[in-house]
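Quick notes on the structure that follows.
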2 protein chains.
Amino acid sequence: MQTVRKDIHNSEMPVLCQSCEARHQGICGALSGDELVALAKSTRRVHKDAGEELMADAMPIDSYASVLRGVIKLSKVLEDGRQQVVGLQFAPDLLGRPFAAESRVTAEAASDVDLCVIPKPALEALLSRSAPLEHRVMMQALRELDEARDWMVTLGRKTAAEKVASFLYLIATHMDPCDEALETSFDLPLSRADIGDFLGLTVETVSRQISRLKSDGVIGIVNFRQVSIPDLARLRLRCG
Amino acid sequence: MQTVRKDIHNSEMPVLCQSCEARHQGICGALSGDELVALAKSTRRVHKDAGEELMADAMPIDSYASVLRGVIKLSKVLEDGRQQVVGLQFAPDLLGRPFAAESRVTAEAASDVDLCVIPKPALEALLSRSAPLEHRVMMQALRELDEARDWMVTLGRKTAAEKVASFLYLIATHMDPCDEALETSFDLPLSRADIGDFLGLTVETVSRQISRLKSDGVIGIVNFRQVSIPDLARLRLRCG
DNA sequence: CGGTTTGTTGAGATTTTTCAATTCGAGTGG
DNA sequence: CCACTCGAATTGAAAAATCTCAACAAACCG
C-alpha cells in the first residue's frame, strides 16, 4: 500500500469498476456514471506478489484498496509472537478499515493479488457524498462480522479434524466461483503455517489432518498447494 | 422480542434516547429533534429477565432493540449441540442484524435487561432517511467486527489460563464504567457454563482457572458471581 | 427441609503440542 | 543434466494441556 506502482495502471476508463461488476460488483455498483469517472481518476491499479505486506497493525492508513484478484490475509499478533489469522479477503472486497485512523490488523497478500488502490481522502469524500456507497460498505462490514462469528464457532468448538475440513470447505466455496459443483479443484492460497494460524493449530496438526483426509479419500493432494475435492458434500460432513 | 410487554412503556418522551445519551449516546445521537419524537412513538420499553431468549438463530426478525441496561449474549450452536458465544452486547448497543431477513445468532438476556424495542420497519425507514443514523449503525458494526477479531485471537491462540483472565478483564473493563480505576468489583453476567461457551472451554476448566487466579490473589471471589479485582494491571498481565 | 441447579475438585483418558528426524520439491551452480 | 542446498511439509514419539467422568459441596427454590 505504501509503494504504489503506477505502471500497470490502465487509464482508459473506470478500471476498478469493470472488474468489480464482472464479479458481483464491489464497491462501485452503487455509484453513478459521473462518480465512476471521477473515481477512476484517483485510483491506481497495483500488483503485489504473494507475501508482501499491505498494511501493518497500528500503522496509519493512507489508502483503501478494492481486491480485484487474489486473496488477502488479515492477522493479529500477540506480544510473544503467537499469530492468529482473523480473516481472508477475496475479490471484490474493500480492504481497509473505514473511518479508522489506523489499522487494527496486519494485511498481507496471501497469493499474488491485483488491487485497485484509492487514496483515503478520495474514498471518504465519496462516502460522505454517496449514501448508497456508504450502505454498501456497511453491508460488507456486516457480512464480515457474520463470517467472523461463524469462524469463532470453528475456533472455539471444533476439533482439529473439523477445523481443517472447515477451512478446506471455506476455500473451496470461495475460490471456485462456478459454485454448487460437487467436484472442484483449486490452489490453496495459504501455506500450512498460515492455515495453522487461521485455525489455531500447529503446522504439524494441520499436516496430519490433511494427510488423514487424503488417505480417507475425501480430498486429493496434487502438489502440496493444489487440492482436488471429488465430493464437496462428503467434505461438508467432516466440518462438524 | 416476540412477546413484547407494553406495561412498562414510558410514553412521556423519547424514552430510548434519554438513556442512550446518558451513556455515550447510542443510536439516537444522530437524530434530529423531530425524528426523536417520531421514533419515540413506535418504541416500547421492555424488561427481560436473565435467561430469556430474545431472538432465535434463523428466525425472522421483526424488531430491533437498543440495550438500555444489562448484558445480552449472542451465540451459535452446532447441530450436535456444541455452543459458542460469539458476542456480548452492553448498553447502548443496537441489538439485531440490520438489513437481514433473519437472525444469524441466538440472543439471550445474560442478566436482567431493559430494552427499547423498535419495530423493524420503523427503524429501517429511519435508516433510509437518515444518513447520519446509518453511519452510526455502520460504526457499531465496525466496532463489533474489531471486537470479534480480537476475540478470535483469544480463542485461537491463548491458553485456558489466559482465556479466563482475558474474559475477566473484558468484563471488568465493560461493566465498571468508572474506568481506569485499578481496583474494581462487579457481578459476572455469565454462568461458568456460559463463560466456557464464550472461551471454547469446558465448565471444569473454567472453574479450575478461576480457582487458580483466586489462590494466586489476582482476583477475589465473593459469591460465585461476584468478583473483585484488586489490581487490574496484574490481571492484564495474565491475559497473554 | 428435600430436590435441583450450579460450581468445585480429583483422576484417568484423549487430544494436541512439542521436539526431532525425514522427505519432498524448487532453485542454483557446476 | 545432475548433485547440492534450503525451506516447506510430513511423520513419529513423548510431553503437556484439556476434556471426560465421577464425586461432592454450596446455593437456590418451592
Side-chain angles (χ1 to χ4, degrees), chain A residues 49-51 73 78 80-84 108 110-112 154-168 187-216 219-227 238 240, chain B residues 49-51 73 78 80-84 108 110-112 154-168 187-216 219-227 238 240:
Chain A
D49 291 326
K73 184 185 93 184
L78 256 27
D80 63 1
R82 282 175 287 177
Q83 188 170 136
Q84 176 69 43
E108 186 182 311
S111 62
D112 286 13
T154 300
L155 283 175
R157 284 304 182 199
K158 292 191 184 177
T159 65
E162 290 167 340
K163 284 180 178 180
V164 171
S166 301
F167 170 76
L168 292 171
D187 271 24
L188 288 177
L190 266 50
S191 69
R192 300 291 189 268
D194 284 337
I195 297 173
D197 286 340
F198 194 19
L199 297 170
L201 298 173
T202 58
V203 193
E204 294 94 328
T205 303
V206 172
S207 180
R208 276 185 252 271
Q209 298 301 338
I210 288 182
S211 298
R212 173 179 295 246
L213 284 172
K214 180 175 144 194
S215 72
D216 289 358
I219 63 173
I221 302 289
V222 185
N223 207 9
F224 285 143
R225 285 298 186 99
Q226 200 166 42
V227 176
R238 300 275 193 139
Chain B
D49 292 327
K73 182 185 94 184
L78 256 27
D80 63 2
R82 280 174 288 177
Q83 189 170 136
Q84 176 68 45
E108 186 182 311
S111 62
D112 287 12
T154 300
L155 283 175
R157 284 303 182 199
K158 292 192 184 176
T159 65
E162 291 167 340
K163 285 180 179 180
V164 171
S166 301
F167 170 76
L168 292 172
D187 270 25
L188 288 177
L190 300 184
S191 69
R192 300 293 189 267
D194 284 337
I195 297 173
D197 286 341
F198 194 19
L199 297 171
L201 299 172
T202 58
V203 193
E204 294 93 330
T205 302
V206 172
S207 181
R208 277 185 252 271
Q209 298 300 339
I210 288 182
S211 297
R212 171 178 298 245
L213 285 172
K214 181 176 143 196
S215 72
D216 289 358
I219 61 174
I221 302 288
V222 185
N223 205 10
F224 285 144
R225 284 296 186 102
Q226 202 167 41
V227 176
R238 299 274 193 140

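Lettering of chains follows the sequences in order, A, B, ..., and the numbering in each one begins at 1.
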Worksheet entry | base_contact_polar (dG25(C) base, Arg225(A) side chain, donor-acceptor, <3.5 Å) |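 Side chain to base: no pair present.
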Quick one: [X] [atom1] to [N] [atom2], roughly how many Å, whole number?
X: Leu199(A); N: dT17(C); atom1: CG; atom2: C1'; answer: 15 Å
X: Asn223(A); N: dT23(C); atom1: CG; atom2: C1'; answer: 15 Å
X: Gln226(A); N: dA8(D); atom1: CD; atom2: P; answer: 20 Å
X: Leu188(B); N: dT6(C); atom1: CG; atom2: P; answer: 15 Å
X: Gln209(B); N: dC19(D); atom1: CD; atom2: C1'; answer: 13 Å
X: Ile221(A); N: dC24(C); atom1: CD1; atom2: P; answer: 15 Å
X: Asp197(B); N: dG7(C); atom1: CG; atom2: P; answer: 12 Å
X: Leu213(B); N: dG7(C); atom1: CG; atom2: C1'; answer: 16 Å

Worksheet entry | 5'-most by nearest nucleotide on DNA chain D - Arg157(A) or Arg192(A) |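 This one resolves to Arg192(A).
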Counting just side-chain N and O atoms, does [X] come under 4.0 Å of either OP1 or OP2 of [N]?
X: Thr202(A); N: dT17(C); value: yes
X: Ser211(A); N: dT11(D); value: yes
X: Thr205(B); N: dC19(D); value: yes
X: Arg208(B); N: dT9(C); value: no

Practice prompt. Run through Ile195(A), Thr205(A), Leu201(A) and flag the one making a side chain to side chain contact (heavy atoms under 4.5 Å, CB included) with Val164(A).
Written response: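 The passing option is Leu201(A).
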Discussion item. The side chain of Leu201(A) is closest to which nucleotide in this list: dT10(D), dA27(D), dT16(C)?
Written reply: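 Looking only at heavy atoms from C-beta outward on Leu201(A), the closest nucleotide is dT16(C).
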Worksheet item: Glu204(A) has a side chain; which of dT18(D), dT11(D), dC21(D) sits nearest to it?
Response: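 Side chain of Glu204(A) sits closest to dT11(D).
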Item to complete: Rounded to the nearest 0.5 Å, what's the gap from CD on Glu162(A) to CG on Leu199(A)? Could you check?
Response: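 The CG atom of Leu199(A) is 12.0 Å from CD of Glu162(A), to the nearest 0.5 Å.
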Fill in: More than 12 heavy atoms from other groups under 6.0 Å of CZ on Arg212(A)
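Check fails, neighbour count at 12 or below.
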Worksheet item: If each of Phe224(A) and Ala161(A) is mapped to the nucleotide of DNA chain C with the nearest heavy atom, which maps nearer the 5' terminus, i.e. the 5' end?
Response: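 Looking at DNA chain C, the more 5' nearest nucleotide goes with Ala161(A).
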Worksheet item: Does Asp197(B) come within less than 4.0 Å of Lys73(B), counting only side-chain N to carboxylate O?
Response: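 Salt bridge: no.
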Worksheet item: For Gly200(B), which contact category applies under a 4.0 Å heavy-atom criterion: base, sugar-phosphate, or nothing?
Response: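 The residue Gly200(B) makes sugar-phosphate contact but no base contact.
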Worksheet item: How would you label the contact of Ile210(B) with the nucleic acid (heavy atoms, under 4.0 Å): base, sugar-phosphate, or nothing?
Response: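 Contact class for Ile210(B): none.
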Discussion item. Using every non-hydrogen atom in the two residues, find where Phe198(B) and Leu155(B) come nearest and quote the distance to one decimal.
Written reply: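 Scanning both residues, the minimum pair turns out to be O-CD2, 3.5 Å.
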